[in-house]
Structure formats: C-alpha cells, structure tokens
Amino acid sequence: SPSNSSGSSNGSSDSLSGSITAVGSTALQPLVEASAEQFMTENPNVQITIQGGGSGQGITQIAQGSVQIGNSDVFAETKLANPSDAENLTDNRVAVVGMAPVVNKDVPLDNISMDDLRGIFTGQITNWSQIGGPDEDIVVINRASGSGTRSTFEDAVLAGAQAPADFNPQEQDSSGTVARMVAETPGSISYLAFSYFNDNFKVLNVDGVEPTADNVTTNEWKIWSYEHMYTSNSPDDTTQAFINYMTSNEVQSSLVADNGYVPISSMKVERDAAGNVTQLS
Amino acid sequence: MSENALLETHDVRVRYHDTHDALRNINLTFCPGEVTALIGPSGCGKSTFLRCLNLMNREIPHCHIDGEIDYHGQNINTKKQNLYDVRRNIGMVFQSPNPFRKSIYDNIAFAPRQHGIKDRARLDEIVEQSLRRAALWDEVKDVLNKSAYALSGGQRQRLCIARTLAMNPEVVLMDEPCSALDPISTHAIEETIGAIKAEGICVIIVTHNIEQAARISDKTAFFLLGDCIEWNTTEVIFNNPHDQRTKDYLTGRFG
Amino acid sequence: MSENALLETHDVRVRYHDTHDALRNINLTFCPGEVTALIGPSGCGKSTFLRCLNLMNREIPHCHIDGEIDYHGQNINTKKQNLYDVRRNIGMVFQSPNPFRKSIYDNIAFAPRQHGIKDRARLDEIVEQSLRRAALWDEVKDVLNKSAYALSGGQRQRLCIARTLAMNPEVVLMDEPCSALDPISTHAIEETIGAIKAEGICVIIVTHNIEQAARISDKTAFFLLGDCIEWNTTEVIFNNPHDQRTKDYLTGRFG
Amino acid sequence: MTKSNGAETMKYSQRSIRHAQRNDKIATGVLTAIVAAIFVLLISLIVYIIASGANKAFDLQFLTSKPEQFKEGGGIGPELFNSFYLLVLTLLISLPLSLGAAIFLVEYAPDNEVTHAVKTAIEVLASLPSIVVGLFGFLLFVISFGWGFSILSGALALTIFNIPLLVRVIQQALESVPQSQRDAGLALGLSRWETTVHILLPCAMPAIITGVILSAGRVFGEAAALIYTAGQSAPALDFTNFNLSSYACPWNIWRPAETLAVHIWKINSEGVVPDLAAVSNGSAAVLMICVLLFNLLARWFGRHAERKLMSE
Amino acid sequence: MNDSTLVNNMPNRSATSSGTLHNRANGTRPQDSTRLTKGQIERGGKTLTGICVGIVLITLASLIVMVTAKGLSTFISDGISPIAFLTGQVWDPHTLDASGLPTVGALPMIVGSFAVTLLSCAIVIPFAVGSAIYAVEVNPRFGRRFFRPALELLVGIPSVVFGLVGLTILVPLIRNISGGTGYGILAGSLVLAVMVLPTVTSLVIDALESVPAPYRQSSAALGGTRWQTIWHIVLRSATPGILTAVVLGMARAFGEALAVQMVIGNAPAMPTSLTQPASTLTSILTMNMGNEAMNTVYNDVLWSLALILLVMSLIFILIVHFIGRKSEVKHD
Ligand SMILES: Nc1ncnc2c1ncn2[C@@H]1O[C@H](COP(=O)(O)OP(=O)(O)OP(=O)(O)O)[C@@H](O)[C@H]1O
Ligand SMILES: Nc1ncnc2c1ncn2[C@@H]1O[C@H](COP(=O)(O)OP(=O)(O)OP(=O)(O)O)[C@@H](O)[C@H]1O
Ligand SMILES: [Mg+2]
Ligand SMILES: [Mg+2]
C-alpha cells in the first residue's frame, strides 16, 4: 500500500527523497515530530509521518515490516510475543528519559528514600506521617500496567519486589492526565518523565540525589530509560539518514536537551535490556 | 328556551388557530330522553360541536369556544367551570371503539375507581349494571377478566358505551359510533341507544348514515360548512325540510 | 360471456393471510363505454375486488388471488403476466386524491416519461389532452408548473384522473373517488366520468353514496361480506332488486 | 336505574376529585421543574464549553495553524480539515450504502423471518460500542489490509458506525411517505424501483437530509472509533500539493489524520504543550460550534426542502 | 370537443383497441426495444439494494467473527481459564501467577462497567421520563419546537467534550464535596447520565407519542385529570417502549469509552465506594491497547475485554426484542 512506500536515495544527503512512517510511543512522538519537521525543511523531498498508537503498536508494526521506524519506550524484547524476533530489529537509542517521583504541593517533603518510595508503591506505607510527613493518606497514582514509564519506574524502584494483589492504586495511561491529577489531588504521589515537570506539583529527590540530566548521565539518578527507534536490520538510506539526524548533535543539543530529555551522546553509562549497567569509557 | 331543556347552546362559535371559523352561531336545545342526530357532509363541524358540549375541545390548545353552553341552566363554557364534573355528567363515545388496554372489568371500573370508589362489591355492581345497560352483559359476563381487545368491534363499541354509562351520565355524546361497524353490530348499538334513551338519558349522535338518523333520532340538526342550517324534529327534516340545501343533502346531491 | 366484454372475472376468490376469505366467487363482466358501480357496506370487499382487476393486490405479500381475470379474453391472473402492461391499460384512481409532490405538469408527464416518451412536444400534447379529458385544463393551464398541492381537493382528484388518462387506459378503476370531496367537486368528477365513458373507456367505480351510483352507473353490483349478492343494470338493482338484502341495503336498513 | 345512584357516586367523588386535581397540579409542577433543570443544564453546558474556549475558537490563527509539540501557540488547522474531510468521505461511502439498504428493507424485503433477522442485525450494529468498531477497523484495515493508520481506515470505521444510524433514518423517512404515493406510482404501471426513486425519495428527502446532517454531527465528534484507525497524528498539510501519494497532500487518503475530537483526547492525555488547557478548551469550543451549526443547518435544510416540496 | 379525434391523437393508443393485450402492449411502446423493460429495472434495483444490505451484513458478520476469534484466543491459544478471567479480581497482566500466566481477572472492570451503567440509568430514568411526559402530555408545542431540538443538540455533543467538562468541573466538585480524588464511579455515572439522557428521553418521547390519542381522549371524556390519564393509561401502555428506551440507554452507557475513561480514575480494583477510582471494560481497553504488541498474551486479553463488550451489546438487543415480543403478546 502507498503509505509504506519506502524511500529511495542516491546517497548524497541533499538529494534524499522518499517517505518514512514512524509509529509507536506517544511519549516519544512530540520529539520525533519536532525533529522530523526540521529534517523535512532541510530535505524537502522527504516525507516523514509520525504516528502515535503506543509502544506496543510501534514494535508490532516494525516487526511486521509495515513501517520504517517503530518508536518504543521499552526494549523490544519485553514486548514481543517471541523475543527472538528482536534480532531482526536494529535498536537505535535516540534519547534518555529520566523519571522522578512527583507529589502534590501540599506534601511538605523534598526528599524521599528509595526504600520509602518502594514502601509507598507496594502499599506498605499508606500515610505520609509514616515517613515524616503530615497525617494524610497517600494517594498513589500509577501508570497503566503496560506503559514504558511504569516498567522503568518499577524496575528501578521496586527492584523485584512485588506489590501485593490487594494493592490497586488508580492508573492513568498518560502522563498528561497524571500531571493533572497530581497537581489537583491532595496527598497524591506519582512519577513523571522530566519533560512533563511544571510548577503545579512538586518533584522529589531520591536518597538526596536531584533528578537532573547530569545525574542521569552518570546513573547516579537511577530511574531512567532509553527512547528507542527501531528499524529493520537493513534500513533504506532515507530512514538511516533520519536516524542519524536524530542522534546528531543538531538534534541532541537543541530539541532533546531543551525539552527535558537527556541527550544520548552525553551518557556515561550504558544499560542493556536485562538492566545491567556498564560504564562507558 | 324549552321548559325541560338539559343542555342548551347559545351562539356557540368555535375557531381553530384564531383564523379558521369551524362553527358559527349554533343555537340548539337538548332534552332528557331525547335522541338528537347531527348530520351533514364531512368537515362541516359536527364533531367540533359535539366536543364543545363536554368541553373536550379544551384539550386542543389552539381551539377557542365562544358563546354560552348551558347545562342545567348554568353556563359551563367559563374558565371557572370544573371540567371534570362536566365530563362525568356528559359522557362521550368515539368513532372508533377505543377501550383501554385493560381487562373488560377494569375498563369499566377504571373511571369510578379514579373518582374515589374503592369498594369491590360496589364496583362489581357498577360493572354489571353498566354492561347490562349497554346490552353487553350476557355476552361478556364470563370473561370479565379478559382483555377488552378480545372482543369484536361491535362489542368493543358497546363496552365503550358501558364505560361511559358507569359514570351515570345525564347526556351521552356519540361521534359516528357505528361507522366502523358491521350491520349486525350497528343494529345492536342502535338498540342500546334506544334503551338508554328510555332511561331518560339525553343522546346526541353524529352520523353519516342518513337512514340511521331517520331510524333512531327524535330531532335532527343539519350542519353545513360550520352553520347549523336546519334543526327540527326528524319527521319534519326528512319529510318536509324548509331549506333547499337540506333537501339536496338528503337526496344525495352531495356529501 | 358477453360478446364485447373487455374485462371478465371468473370465480375470483381473494384471501388475506391464507385464512381470511375477503372475496368469494365473483363473476362479473365489464364492457367498454360502460360505468359499473360497486356498492355495499364497509369491509365487504369492494376495494379488494377493484385492486384485483389491475393486479394491485399483488403488492400485498400475504394476499392470494384465485380464479381467472380475463382482459381481452386472456387471463391476466397468472405469474407470467407482465404487471406493468396490465396497470398501464387498466388505470386506477384512489379514494383520497394522491397527486405526486411534483408540479401539475410533471404529475401527468411523469409516467409517460418513465415509459419512454422523452420528446417535449409530445409530452406537452399528452399533458394538455389528459387535462382536457379530465375537464381540468381550463382551470390549470396557466399554472402547470405550480405544485399539485396548490390545487383544491376536487382539482387534485381530477388531476389524478388526468394522470391516469395520460397512459391511455382502456379501463379506469375508481375507489370512492368523491368521498373526500365537497358537492361541487363531486359534481365535476361525475361529469368527467361521463366524458371518459363517452370516449369508450370502461369505468368501474366503488362508491358509498348510493345516489351517486344511481346517477352515474349503467350497471351496479352489490357486495356483502365478500359475496357479490346481485349484479344487474342499475335500473333493475335500484327499482326491482331480486335479493332481499339488496333491498334492505338500499333502503338504509344497514351500512 | 335512577339518578339517585349517581348522587351517591357524586358524594364519594367530590373529595377524590379535589384530591386528583391537587395531584394533577403537583405532578405538573414536578414535571415542569424537571424540564427546567434539563434546560438549564443544557444551556449552561453549551455556554460553558463555548465561553471557555471562545478566545481561541474565534482566532483565525488558531483555526488555521498547525499544532505545536513543545511551544505555546499551536493551532488546530490540520485537525479541523481532517475532521471535515473524514466526514465527507464517510458520508460518501455510507450514504449510498445506507440508502440502498434502507430501500431494500422498506420496499423489497419480504415480511418474513429473514428480514426480521436483518433488521435485528442492523440494530446490533447500531448498539455496538464505538470502541469495538474502532478496534475492528484497526484489526481489519490497519493491520490485516496493511493500510496503516489512515484516512481510509478511519472513514471505513466511521462508516460502520454511521450506517445503522442512516439506515434507520432513511427507513423511517421512507416508511412515513403515505402509502397512497406508492399506490399511485404502481397503479400507473411503474416498477417499484422507479416509484421509489422518483416519487418516494423526493418525498422523504427533507427527513433524510435532516437525519443525515444530524448523523454527521455525531460522526464529526466521534473519537473512540478513530484513535486506532485514523491515528493520533496530523501531518502538516500543504494545500498546493496535489500529489495524491504525498503525506502533505490534504486529499491523500493513505495519510494518518488526527481529528479534532481525537486531538482533544490526546492532548489531555499526553500533551506537554504549556498552553494545553487553552488549546483543548478552544478545540472543544470549535467542535461544539460545528455541531451547533450542523443542527441549525439540518433544521434549515429540512424546512427549506419541505417548503420546496409542498409548493414550488 | 370531438371525442374521436381526441382518441386518435392520443399517444400510445393502437389503431384497434380490440387486439389482444399482447399486441396492444407491443404497439404501445415502439421505442422500448432499446430501453430496459420494467421487469429488468425492477430486478436491477432489487439486486443493487440487496447488495447494499449484503455488504452491511458481511461487515457485521466479519466484525463479530474477528473480534470473537481475537477475544477467544486468550482462552484457546494462551491457555487462560475463562472462569478465572471472568471471576478473577486482580488485573495485573505483567505479573505472572503461579502457573506462569498473566494475572488477568476482569471482574473489577465488569463490575465497574455495570456499576456506572446502572447508576447512570438510575439517575437518567426520572429525568427522561419526567421531561418526556412534560414534552408530550403537558406542553406538546414546547416539546416539538424547543425540547426535541435541544435534545438533538445534546446528542450531538461529542463524548470527549463531555469527558473534558467532567474532568474540569465535575471531578474537582466531587473532590471538594466528598474528599478523595474525585475520580470514580460517581463522576463516570454523572457524565454518562448526561450523555445518555437525550437518547433515552427521545425514545421515551417516541413511546409516549405512539400511545393512540383515543386512549387519552376517552380517559379525559370520563372526567379523568391529566395526571390520572398519564399515570393509569399513557404510562401503562407505553411501558414496553420506556423499558426499551432504558435498555438502549444502558447499551450506550456500557459501551462509552473516552468520556468515562477521562473521569473514572482507571484503578483496576474492585470498586468499594462511589468516589474511589475504578475502571470499566472500555477504559482499560483504550488505555492499554496501544501499549501492547499484537499477538502477545497481554494484547489478547484486551481483545477478550472487547469481546465482553460485544456480547453485552448483543444481550442488550436481545432484551429489547424480548420486551417487544412480550408487549405484542400482551396487547393482542
Ligand atoms: N384540531 C383541529 N385543528 C384545526 N382544525 C380543525 C381541528 N379539528 C377540526 N378542524 C377543522 O374544523 C372543521 C370542522 O371539523 P369537524 O371534525 O368538526 O368536522 P365533521 O363534521 O366532524 O367532519 P367528519 O364528518 O369528517 O367527521 C374542519 O374544517 C376541520 O378541518
Ligand atoms: N391488506 C389487508 N390485509 C388483511 N386484510 C385486509 C387487507 N385489506 C383488506 N382486508 C380485509 O378484507 C376485507 C375487505 O376489505 P375491503 O377494503 O376490500 O373492503 P371495502 O368494501 O373496500 O370497505 P370500505 O368501504 O371500508 O372501503 C375486510 O375484512 C378487510 O379487513
Ligand atoms: Mg367528525
Ligand atoms: Mg374500500
């Protein structure tokens, strides 16, 4: 079908042409859209279409080969019905997203320990007074169980601990709604990517570490994940050019850095799908 | 004004939607134990007139009734008049038999119940008497709990008459009660009309069937395009009408 | 079988829903230039019979017509018969005037157009002639492009007749064509019937108005509860009916 | 039977009549209050929606420019166009289909069990949750046919959503044409098809037009069926581009197309733009105004067509 | 006017009108040989429209088949027990239970869906019936001129707009009154109630209007007050229609997705109070469908939720038909 007509190119970047469709992660969508816009001004013959739909859709469609790029918040291995299919995909990491616990402004805390955080998100701690706050019930707002943000957060914070079955905090599928809810609901706590931070709620330090891009690059701040743009193992030139553009300094130092993402180029550590962190030399 | 007049109209005029004069200057008198037939071609205002007499026209928002309608010498066409009293005393039977979707018993007991009679024995009595007066009792006495829609058209119409009689009205208005019925049912209804007339009830009936008017009525009024052209004993109207238009109508020149 | 019979029925029987016998054993003959009136009380099957003659009953799914209907000596009540030819030759006018929601011109030109006449001059001619034959031309010739609904009831009915005449039928069926009309319109329609009869068209008319039957028809058939009780010249039926029931009906004992 | 019996009835009833009349008054009062409440609710709802987005909704810049990802001042131009384009495509597909189906059901279908079952099937279609329709469209058009998130997928999903509404409207309109019109056509030796097309449809047209425009309003505001079919992204459009395979070409039916209703839903769930509230209120107001216009249009068209039919 | 010339000039009339019908028919349409015959036109029209019905039916059939197949694969190929699925109270697909299968108990969502549906209908019924009575019996002019159009307007308001208004007005209001987060079944039901109100009300109006006028007249002629007529005659005959309206309203409420999802809080837990966040089938479905890749067990269970929605809407229609049949039997 015409929507998938892939790009043809003769190599030189100023004569790139063709069309690219990228599907997937709604969290990554704004960044890719903004970059694609710039890329298209530089390469007028290239058409890039960015579609949302969720990380699951991105991985499904790139695995089927029906699009050129599949955007995802999580490693493809964790989503695919058959994880070995991931071998047919190339993982392009274009940014890092840091996430931090956020609370309603009426919570007088600025810092929380990782243990307390785990206690809250496993239902052991239910009142702010248990961790030095006022006598107020904690309202936990979780993310939908399949969302990338949630799996990142749970990997980093719960560290394998299981929330009991009778602990069922409310869930929201989307960051926007979470931001609104935390801002409006007294005593609430949730977690958000850095890019959603605003003045309507409060961001907590964890174990005294501030949620900043710098701390993410050194893995001092532990709650972070990659944003992936999966392509096939042999992408066409236009697609490859766009991926290269995404990781180029031009995008990384402006769009990525300016909008709350952590540039991939600044990372001093690397993490694999299983969660093992290695220092980059 | 007739000495024993039960219902009299003085210059009754009816307009629909302000502009349309459906009836003009109707002056008629109705007495107890008398059957009056209203005849005339379609659309001349017979039904409209009939619906004035028990104030049913009040239900039509854009219908204005002027003039006086005296019942027992008292004008009922006033805002102060209690509609419900009038309607209970001046019953009405419609063109198509329209029993409620209830049992035969409940059809008749419905109105008395609504008017406050709760005693079962009393209701039983009212139901039986009304059905007897409408000459329907023998046909339905064993199926009183069946739906009224199990009856034939003619029986339904007599049920509607019985339903009206249960209120013990002094006047019964009938708007083409037989037009949807077969000859045998028509005959039964005509007998019923004879019987209630004998009880002293004043019957006013609209009919398209001129022969029926001749058979059953004591007086006849001929309407044409909103006017009452002629009103007299049936005898005179049929044998010696004063107006040419009446004669034309009765000899089938039009209508 | 009459020598110049145009339309004949042999033992026509009609059932609705398999069970209900609406008509039984109808044997009638209709000739060109002759007006036949069908009379009888409501529900006796007059309309049903009329609708058999141009196979309109075929449109009612649960209606079964048995027997033979011979048109020009050929049975048309067969599956193979082309309905559309029959209906073009046997026109029909209904009880309530039902012109199409089109202009007067289009009302008449519509069917000829659908039957393949596209030539404007030819259509103009058909429209004028049809309107003339229905005695409506003079009244509408200046407003041919106005909506048919701008006409009065009687004019609408004559328009429907003209519409039928535009197909040049040999038989025109009319089902109580005047029952919704005022005396003057009725008169006009009756004149029209006389005129088309004079053209040699066979007219079959259902009417509730006995006087009308007497005025305009050559033959009269009296129906009762699905049977044709009596069929004869109008003269005989009205002055010397053979059957007591016919007499009863004509003197208004029922109906 | 004497009137004394009646006098007794009277005694009983005077009290109960007063009682009944009081009940009548109370009931009328309560009913009036209920209607007033609904009316107040409706009016305040509409006023609130339009008022809170008015500054944006009447801003031409907002109506024509494209949405922004991170900055303030984004518009809803492509979304607005997509909504209308999808609506038109949907009507183009669903109207003939529904017209045909309705004509068959009213004029041709024999009155039997099969027809009954077909009518039930259409009712089932009408009562399906729109999210289920959307997911079906996703499964069939987006995945199986490989059309991706595209206008065509969206229009077909909306068609499934719209057909039962339209069939019902047209069916009712045809059924309410007096039988006498049908008889008149058939008695002239015309086929049922000719009678339907030339006589019945023109008569039913005012009702059909009204129904179609009202259904258009519902299609216009539908989001759940589109999230996974037409997609949640709106490529910038270039109205000078007539290359039907280009994503910037507005008329390309293979491009993804976020509509206004989907946009409201999406930015409220994922949005990071700083002026999120203003944009979503503005979009809601625009949506509301469009629906209001559809309603007015339906009423005007219906009345106009009616008048045109009744007398030239 | 001379009859004979007139007749001779008439179009289509054959010279001898005494020929057989067949001859006459041929003679009357010389130009018909190139045209379609009426029979052909008729067959053509019937086929064309029949095909339209066919397309609609095929669409419906494939919808049912595909959603059912997808929905059942959870149980057939993924091996999740349908009973555990329908009665399990824990929804946490990414946690595996003892047997290595995802923990997917859909009961909280099923209960949530029914709770918002029933509650919203309980709110709607008095308003719908009351206002319909007013618009039909008390003030029909107002009903036709203002109320009906207003209802149509309300039907036209998109559900996301309802969700948005619910989110910005209703949720904070409930939070201020009852504490908690404000999100929950109460907010969902109120939003749904406003959404289904116009649908139910117009159907109730239809039901009331279809009560034959003679019923009212004869009750009035017997001296009944308006309220007595409404209560004992009109409402009684309209009961099946009103029930149908309510069931169709429930069907709509049950299937509504976005508006509910925006205000209900989406906690996949058994609802314990009206103001605690809960979830419905539709809200979990819209929220998660995008996150899961096709053909994974996590995705399949979502299709099973869609299947439940499909089955429920079939059941609602069956109920409507049952009501219809019941009332027919009773009436005749
Ligand atoms: N509800 C109404 N609104 C407006 N006009 C009405 C209404 N009812 C009757 N009319 C008009 O009033 C006139 C008299 O009507 P009415 O029904 O009284 O005639 P009728 O003599 O009973 O006719 P029929 O023999 O056909 O029953 C007619 O012109 C009719 O159109
Ligand atoms: N479509 C139909 N389905 C079932 N029964 C029908 C149908 N049409 C007519 N009938 C029945 O057939 C019988 C004859 O009806 P028909 O309409 O022919 O009577 P009619 O003599 O024309 O009466 P009227 O004078 O009232 O027009 C009646 O008992 C009627 O109920
Ligand atoms: Mg009348
Ligand atoms: Mg008839």
Side-chain angles (χ1 to χ4, degrees), chain B residues 47 50-51 53-62 82-103 106-116 130 147-150 156-157 159-169 171-175 180, chain E residues 129 132-148 204-245 323-332:
Chain B
S47 302
L50 210 63
R51 283 202 307 267
L53 297 179
N54 69 343
L55 305 182
M56 277 295 279
N57 271 350
R58 289 268 178 89
E59 305 294 324
I60 302 174
H62 48 264
N82 184 325
L83 293 178
Y84 310 110
D85 276 343
V86 170
R87 292 192 187 147
R88 281 191 318 133
N89 290 312
I90 306 181
M92 186 158 195
V93 175
F94 297 84
Q95 179 161 14
S96 59
N98 56 355
F100 301 129
R101 290 216 188 274
K102 295 175 184 283
S103 71
D106 286 340
N107 256 280
I108 297 177
F110 170 70
R113 270 201 199 110
Q114 293 300 313
H115 289 110
S130 310
S147 159
Y149 280 76
R156 287 183 200 178
Q157 193 61 297
L159 180 64
C160 292
I161 297 178
R163 185 172 68 180
T164 305
L165 293 179
M167 305 300 304
N168 244 324
V171 181
V172 173
L173 312 174
M174 298 185 171
D175 194 349
Chain E
V129 175
I133 292 176
Y134 184 87
V136 175
E137 306 290 338
V138 180
N139 197 342
R141 217 173 103 91
F142 166 83
R144 263 191 312 276
R145 299 268 301 270
F146 299 102
F147 197 60
R148 263 284 167 107
V204 175
I205 289 181
D206 289 342
L208 294 181
E209 276 177 349
S210 71
V211 175
Y215 286 17
R216 298 186 182 92
Q217 283 177 9
S218 37
S219 172
L222 289 169
T225 63
R226 182 163 61 203
W227 180 245
Q228 284 172 329
T229 307
I230 292 169
W231 189 249
H232 294 277
I233 306 295
V234 178
L235 283 186
R236 233 183 106 117
S237 345
T239 307
I242 295 174
L243 285 181
T244 302
I323 294 171
R325 192 120 17 97
K326 222 32 207 291
S327 68
E328 257 166 41
V329 171
K330 220 170 79 189
H331 276 180
D332 297 298

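Below, chain A is the first sequence line, B the second, and so on; all start at residue 1. Quantities reported herein were computed from a predicted structural model and do not represent experimental measurements.
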Open item on the list: If you apply the rule side chain to side chain donor-acceptor pair (under 3.5 Å), what do you find for B:Arg88 with B:Asn82, and how did you get there?
Closed with: CA-CA 10 Å; B:Arg88 281 191 318 133; B:Asn82 184 325; over 6 Å; no
- [ ] Can you tell which part of E:Ile233 gets under 4.5 Å to a heavy atom of chain B, answering side chain, backbone, both or neither?
- [x] side chain
Task: Closest non-hydrogen atom pair between B:Val93 and B:Gln157, with its separation - done: CG1-OE1, 3.5 Å
Task: Minimum heavy-atom distance B:Gly91-B:Pro169, with the two atoms named - done: N-CB, 3.7 Å
Task: Residue, of B:Glu59, B:Lys102, B:Arg51, that accumulates the most heavy atom pairs under 4.5 Å with chain E - done: B:Lys102
- [ ] Grab the two heavy atoms, one from E:Ala207 and one from E:Ile242, that are nearest each other, plus how far apart they are.
- [x] CB-N, 4.0 Å
TODO: Pick whichever of E:Gly224, E:Pro140, E:Ser219 has the most heavy-atom pairs under 4.5 Å with chain B.
DONE: E:Ser219
Open item on the list: Distance alone, cut at 3.5 Å: any donor-acceptor contact between the side chains of B:Arg163 and B:Asn98?
Closed with: yes
Open item on the list: Counting heavy-atom pairs under 4.5 Å with chain E, which one of B:His62, B:Met92, B:Arg87 comes out on top?
Closed with: B:Arg87
Open item on the list: Report which part of E:Arg141 has an atom under 4.5 Å of a heavy atom belonging to chain B: side chain, backbone, both, or neither.
Closed with: neither
